[in-house]
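Shown next, in structure tokens, is the structure this report addresses.
Ligands are counted one by one from 1 in listed order, and the atoms in each one are counted from 1 as well.
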Amino acid sequence: MTIIVTGGAGFIGSNFIFHMLEVYPEYRIVCLDKLTYAGNLSTLEKVKDNKNFRFVKADICDRQAVYKLFEEENPDIVVNFAAESHVDRSIETPEIFLQTNIIGTAVLMDACRKYGIKRYHQVSTDEVYGDLPLDRPDLFFTENTPLHTSSPYSSSKASADLLVLSYYRTFGLPVTISRCSNNYGPYHFPEKLIPLMVINALANKPLPVYGEGLNVRDWLYVEDHCRAIDLIIHNGRVGEVYNVGGHNEMSNIDIVKIICKTLGKPESLITYVSDRKGHDLRYAIDPEKIHKELGWLPETKFADGIQRTIKWYLENENWWKPIISGEYRNYYEKMYGKRE
Ligand code: NAD
Ligand code: TYD
């Protein structure tokens, strides 16, 4: 079995590669990644010498490079994690999101059609459903919730989902889609809420909470997401969408307070800054379909997962220090330098 994992030098893709090489030591895993600001080869350090692993630096939008890789590897499965993934960046520069997230998905699926494939899996997000009100805790996203996006990021992901389903209907491409809630865990890029707050708190820097910090996200430990994708590519029904989430809703401010407490830092570091434009209020997944059909349940409780994650950042400065000292520093200055 050969699996091409795109975006495998990023947060979730790398964790998925570790999971697959461990659970299926006989599988060949080929990582295709452009190594944008969000992709780091250092993330893949521990698997780089595994004889069943290959890394290829390429852009999923580069048709020639993608086709060449398919000719070389003749993959059975493609799992597409490659994406521009940060909402705030999509508000600054939408176009690259359209390019990678939509056109890149089309190129990958064209390659699957041309060379044949057992499964194309699209890693999508709960953000395609838009948001839920804060005062209706009884509402959850199901697979039938209409797509109703808020940001250029979520719009590009929803567009890709529609394209994937159209390749199933029109060309009979054997596709599946997973729509997961917010992940957290090791190798999470430090522009996202949890690692940003951990790293800032360690340096006694302000913790920039958007608006009043009351927006709610449904957090899932990254390994649980990886297990869900593993189940879907092996046992999921072709043409189907599966929501993935662990019923773990938390407001941003509560998360930031947990981080302060764990690190022994004062809450006075918390700084309320101007809100994100179009900021989604609440995400909450109903994971009943994947539970009933595939037996998936989350294994890591948030209380354990967040402690494990914070410990990981404490023990892995070697990973994040070079990242925050480079180009990312310019981004941080631009986003937060004048944000009051
Ligand atoms: P990430 O930003 O950490 O990693 C993205 C990876 O894709 C990087 O390694 C980057 O170099 C690579 N990449 C970007 N553009 C590329 C291109 N044109 N060609 C090849 N590689 C390219 O993202 P992540 O958080 O790991 O998210 C992975 C996927 O999961 C995304 O599709 C995202 O929409 C989805 N998702 C993320 C979350 C979350 O909480 N992070 C939740 C649900 C779904
Ligand atoms: P983020 O990690 O960017 O994920 P997403 O927008 O995909 O859910 O943000 C999670 C939540 O944290 C979101 O409500 C925005 C908020 N947030 C802050 O309050 N401050 C920050 O500096 C960042 C990056 C996010």
Check your understanding: Is Phe81 in contact with ligand 1, taking contact as a heavy-atom separation below 4.0 Å?
Key ->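 Phe81 counts as a contact of ligand 1 under the 4.0 Å cut-off.
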Point to revise | Heavy atom of Leu35, distance to ligand 1 below 4.0 Å | key: yes
Quick one: does [X] get an N or O within less than 3.5 Å of an N or O on ligand 1?
X	answer
Thr100	yes
Asn80	no
Cys61	no
Asn40	no
Gly10	yes
Lys157	yes
Thr36	yes
Phe11	yes
Tyr153	yes

I'd like to know if [X] pairs up with [Y] as an ion pair, taking the criterion as any Lys NZ or Arg NE/NH1/NH2 lying under 4.0 Å from an Asp or Glu carboxylate oxygen.
X	Y	result
Arg282	Asp131	no
Arg179	Glu143	no
Asp88	Arg276	yes
Lys68	Glu72	yes

Just go through [options] and tell me whose heavy atom is the nearest to [atom].
atom	options	value
atom 23 (O) of ligand 1	Ser85, Ser154, Ser124	Ser85
atom 37 (C) of ligand 1	Ile12, Thr43, Thr125, Leu108	Ile12
atom 22 (C) of ligand 1	Lys57, Lys34, His225, Arg179	Lys34

Check your understanding: Trp312 pairs by ring pair (Phe, Tyr, Trp, His ring centres under 6.0 Å) with which of Tyr221, Tyr184, Tyr187?
Key ->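 For Trp312, the ring pair (Phe, Tyr, Trp, His ring centres under 6.0 Å) test succeeds with only one of Tyr221, Tyr184, Tyr187, which is Tyr187.
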For [atom], what's the nearest protein heavy atom and its distance?
atom	value
atom 35 (C) of ligand 1	Val123 CG1, 4.0 Å
atom 40 (O) of ligand 1	Asn183 N, 2.8 Å
atom 19 (N) of ligand 1	Ile60 N, 2.9 Å
atom 42 (C) of ligand 1	Ser181 O, 3.3 Å
atom 9 (O) of ligand 1	Asp33 OD2, 2.6 Å

Practice item. Please round to the nearest 0.5 Å and tell me the distance separating atom CD of Glu71 and atom NZ of Lys114. Key: 7.0 Å
Table of N or O contacts for ligand 2, cutoff 3.5 Å:
| from | atom 1 | to | atom 2 | distance (Å) |
| --- | --- | --- | --- | --- |
| ligand 2 | 2 (O) | Leu193 | N | 2.9 |
| ligand 2 | 3 (O) | Arg276 | NH2 | 3.0 |
| ligand 2 | 4 (O) | Asn182 | ND2 | 3.4 |
| ligand 2 | 6 (O) | Arg276 | NH1 | 2.5 |
| ligand 2 | 6 (O) | Arg276 | NH2 | 3.4 |
| ligand 2 | 7 (O) | Glu127 | OE2 | 2.5 |
| ligand 2 | 8 (O) | Asn182 | ND2 | 2.9 |
| ligand 2 | 8 (O) | Arg217 | NE | 2.7 |
| ligand 2 | 12 (O) | Asn252 | ND2 | 3.4 |
| ligand 2 | 14 (O) | Arg217 | NH2 | 3.2 |
| ligand 2 | 14 (O) | Asn252 | ND2 | 2.8 |
| ligand 2 | 14 (O) | His279 | NE2 | 2.7 |
| ligand 2 | 19 (O) | Tyr210 | N | 2.9 |
| ligand 2 | 20 (N) | Pro208 | O | 2.8 |
| ligand 2 | 22 (O) | Pro208 | O | 3.3 |
| ligand 2 | 22 (O) | Tyr336 | OH | 2.7 |

Exercise for review: Mind checking side chain to side chain contact (heavy atoms under 4.5 Å, CB included) for Lys265 and listing every partner two or more places apart, or none if nothing turns up?
Suggested key: Ala201, Asn204, Leu263, Leu269
Review point. For residues Asp280 and Ser150, is any side-chain donor paired with an opposing acceptor at under 3.5 Å?
Key: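 Yes, a side-chain donor-acceptor pair sits under 3.5 Å.
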Check your understanding: Quick one: do the Ser156 and Ser159 side chains pair a donor with an acceptor below 3.5 Å?
Key ->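 The answer is no; no qualifying pair exists.
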Review point. With side chains defined as the heavy atoms from C-beta onward, is the minimum distance between Phe189 and Ile323 less than 4.5 Å?
Key: yes
